[in-house]
Every structure is written in structure tokens, then in C-alpha cells.
Amino acid sequence: MPELPEVETVRKGLEKLVSGASIKSVDVYWDRIISGSIASSEFKQLLTGEKIIGFDRRGKYIIFHFRQWAMVSHLRMEGKYEVEDSSKPLKKHTHVVFHLADGRDLRYLDVRKFGRMTLVPLGEEISMTGIRLLGPEPTEETFDETTFYNNLQTKKRAIKPLLLDQKIVAGLGNIYVDEALFLAKIHPLRIANSLKKDEVSQLHKAIIKVLGDAVEAGGTTIRSYQNALGEAGTFQVNLSVYGKKGIPCIHCGTPIEKIKVAQRGTHFCSKCQRLAADQ
DNA sequence: CTGTTCTCCTGTAAGC
DNA sequence: TGCTTACAGGAGAACA
């Protein structure tokens, strides 16, 4: 499941492979992938003859820049892009194909069809639902610790679902949120406004580190990429708790537990990440 | 307004 | 073996 680091890796790959390319035509095989007020028939028509200027990213959204349009693409769980020669047969689960003028295709594949593409007039992408309400990018420069603390103080939700909803800080998904909470030694069910200043400080640092390290790791694997831009979602940087149920905690040896928090599989160390401070 | 639950999808794994 | 059920989860809609 692509989170911010994987999405950034895909963005870089797209930039490298198809920036500057012109679109000859577009095929859409699953209409619901194309969301927003511009439906798939118009989508295909409007992009025909357009030129891909470049790629941007905000949170987990990839933004395609055309001359007059922006296309906002979210991979959700399993979306991926591939660049193939146009003569190559389409793989199963191919839902959108951008035929390029140079004989290649940019293809979107998505087993579960959760991903979405939205075409908007250039400039309107920042006011789209989803992007408009995003919190800051999780970097030292943009993610302010004091603001983070103040925001958490106003929230009575458990910290994990709060971090997943993208409004406080952008980019965390189920994997890296578990990793960040483990690194900061905070239990996923802690109520946000119960976190002490030093805990928030640790969490702030952990989020920047976990996502930053993963972006770097993605940045190093990208060089070996030929044409598959979504497999980036499968690299995982030495995870400590995610998917480690029953495996000894790297700090204390206690088996990692897996519970459900807000319907999501949640991994943590019950000894390192206490729910009550005095235990 | 805030916080929670449901829905979209299909492949894989577990259970009987 | 073969069928059924549970599970994976990002984000937006629906609901309390």
C-alpha cells in the first residue's frame, strides 16, 4: 500500500520516464477510476493532444501537470503506473491507458480499483477536497512541532486514527503510523490530548524520521527502475513492528501484539508503548 | 462541529 | 478437496 515515500518514488519515476511526452489518445476501462465533475468520456477527450509538463506531489496525491489541466491521481491501496511499448498486450487490471505520441503507453493498473484520477483546470488542484484540507508535509521545514502539539491538545480521538486522517500531518498510512508510534514509544490508543509535550516532541521527530528514511530508500531504488512505477510500494525499509505479530520487540524482546484500532490492523509493543503512564 | 462506521474492490489465506 | 468467510485498508460519504 503506497504511503508518502512510495508515492514520491512513483512521482520521480514518472518525471523521469514521461515528462515532456504528448498524449495521442486515452482509453478508460473502468469509469469509476475517473472521479470528480469531469467524467471519463470528457476526460479522454480533454487530454487528447495534451502535453505532460511535469509532476508534483502533495501528501499521497500525485499531480500531473498539463498545459491547461492538472490531473490529481491517488493510488490508494494498490494502484501502479507502468510504461510499456504500445504493442505490448495489456495486463489484467489495467484500467486507464495514456497512449503517448512516441509509441509508448503510460498504463494505470489497480487490482482493487480503489485508486482515483481527477481532472481539473490548472490551478484548481489545490482547492480540491482531499488536498485542500491536508496537513503539512512531514519535513523539518514544513511540519511545526508547536503547531502539532497545539492541534493534538484539541483532539479527543485516539492518536492512531487521528494521524491517519491526513489533516494534522500529511502522508502517514497504516504501516508508517505504526512504525512512528513505536519509535516514539506511544501506544496507538492514547488519546491525543493526553500526550505530554515531550511525547509529542518524540512523535514529531519519529514521523519525520520514519517517512524521511523511507523516501531516501525509495530514492535509491528508483535508479534500477525501468518501467514499473508502482512496485515501489513493495519496498519496505527495515520495519520494526508492522507485520511483526509475535516476533520479539527489537528493544525489549516482548512479542509484538496485533490489535484492531478503528478497523485497522495495528502493531505495537505492549511493554515499550504503554497505555497508562504509570504502569 | 466532532468522531465513528460503512463502502468501494479483488486476491489470498484461513477455516470447516 | 472444495466451498465459505475473513482480511487487507485510503479516503470520502453517511451517520450518530
Side-chain angles (χ1 to χ4, degrees), chain A residues 1-11 28-37 40 57-63 71-81 90-96 108-118 120 125 127-135 137-138 150-181 188-195 207 211 214 230-234 236 239 241-246 256-268:
Chain A
M1 52 231 70
E3 301 185 25
L4 185 150
E6 291 79 12
V7 174
E8 176 59 16
T9 301
V10 172
R11 189 199 68 77
V28 176
Y29 299 101
W30 189 260
D31 285 342
R32 299 190 61 155
I33 299 280
I34 311 305
S35 72
S37 52
S40 73
R57 181 190 57 75
R58 181 75 174 91
K60 303 178 204 168
Y61 296 87
I62 298 170
I63 303 168
M71 188 184 85
V72 178
S73 170
H74 198 300
L75 306 174
R76 294 282 178 94
M77 315 299 294
E78 300 183 24
K80 60 189 75 172
Y81 283 100
L90 296 185
K91 291 180 187 168
K92 202 177 174 184
H93 308 304
T94 300
H95 306 307
V96 182
Y108 179 75
L109 298 84
D110 190 340
V111 170
R112 291 166 73 183
K113 301 173 176 168
F114 278 6
R116 293 290 178 265
M117 294 176 196
T118 311
V120 295
E125 64 276 10
S127 50
M128 273 181 53
T129 349
I131 290 193
R132 189 182 59 225
L133 298 174
L134 282 179
E137 292 291 312
N150 292 339
N151 284 337
L152 294 189
Q153 283 297 106
T154 69
K155 302 292 180 185
K156 293 182 179 177
R157 302 172 71 184
I159 187 67
K160 171 159 177 177
L162 184 61
L163 291 176
L164 283 175
D165 101 351
Q166 312 297 308
K167 293 192 184 76
I168 305 277
V169 59
L172 287 166
N174 203 45
I175 296 174
Y176 295 120
V177 78
D178 281 3
E179 294 296 315
L181 287 169
L189 286 173
R190 286 284 300 280
I191 302 303
N193 69 4
S194 79
L195 294 177
I207 290 168
L211 291 177
E231 303 304 329
T234 61
Q236 238 95 86
L239 300 178
V241 285
Y242 186 84
K244 306 283 186 188
K245 179 185 174 186
I256 298 301
E257 282 185 39
K258 184 178 181 186
I259 59 170
K260 281 256 181 199
V261 175
Q263 339 284 8
R264 280 157 182 79
T266 298
H267 311 73
F268 71 107

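From a predicted model like this one, the values you see are computed outputs, not experimental measurements. In the text below, chain A, chain B and the rest are named by the order of the sequence lines, each starting its count at 1.
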[X] vs [N]: side-chain N/O to OP1/OP2 distance below 4.0 Å:
X: Lys258(A); N: dA8(C); value: yes
X: Gln263(A); N: dG9(C); value: no
X: Tyr242(A); N: dG9(C); value: yes

Could you check whether [X] pairs with [Y] (Lys NZ or Arg NE/NH1/NH2 to Asp/Glu carboxylate O, under 4.0 Å)?
X: Lys60(A); Y: Glu6(A); result: no
X: Arg76(A); Y: Asp110(A); result: no
X: Glu137(A); Y: Arg57(A); result: yes

For this session: Apply the side chain to side chain contact (heavy atoms under 4.5 Å, CB included) test between Phe268(A) and each candidate in Ile259(A), Val241(A), Leu189(A); give the one that qualifies.
Result: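 Going through the options one by one, the only one that passes is Ile259(A).
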Exercise. If you walk 5' to 3' along DNA chain B, what is the first nucleotide with an atom under 4.0 Å of a heavy atom in chain A, and what is the last?
Worked result: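 Taking any atom under 4.0 Å from a heavy atom of chain A, the span is dG3(B) to dG11(B).
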Polar atoms only, N or O, under 3.5 Å: list the protein pairs with nucleotides 12-16 of chain C and their distances.
from	atom 1	to	atom 2	distance (Å)
dG12(C)	OP1	Tyr61(A)	OH	2.8

Problem set entry | Pairing pattern in dot-bracket form [Watson-Crick, G-U; both distances under 3.5 Å; | = partner strand] for DNA chain B | .|||||||.|||||||
In whole angstrom, give the distance that lies between atom [atom1] of [X] and atom [atom2] of [N].
X: Gln166(A); N: dG9(C); atom1: CD; atom2: P; value: 15 Å
X: His74(A); N: dA11(C); atom1: NE2; atom2: P; value: 3 Å
X: Leu163(A); N: dG9(C); atom1: CG; atom2: P; value: 16 Å
X: Asp110(A); N: dA11(C); atom1: CG; atom2: P; value: 13 Å
X: Leu172(A); N: dA11(C); atom1: CG; atom2: P; value: 10 Å
X: Asp165(A); N: dG10(C); atom1: CG; atom2: P; value: 12 Å
X: Lys160(A); N: dG9(C); atom1: NZ; atom2: C1'; value: 10 Å

Problem set entry | side-chain hydrogen bond (donor to acceptor under 3.5 Å, both in side chains), paired with Asn174(A), selected from His267(A), Lys160(A), Arg264(A), Glu179(A) |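 Per the side-chain hydrogen bond (donor to acceptor under 3.5 Å, both in side chains) rule, the option paired with Asn174(A) is Lys160(A), out of His267(A), Lys160(A), Arg264(A), Glu179(A).
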Exercise. Under the criteria of a ring-centre distance below 5.5 Å and an interplanar angle below 30°, is Phe114(A) stacked with the base of dA11(C)?
Worked result: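 Base of dA11(C): not stacked against Phe114(A).
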Exercise. Mind checking the P distance from dT12(B) to dA11(C)? Whole angstroms is fine.
Worked result: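 Their P atoms lie roughly 24 Å apart.
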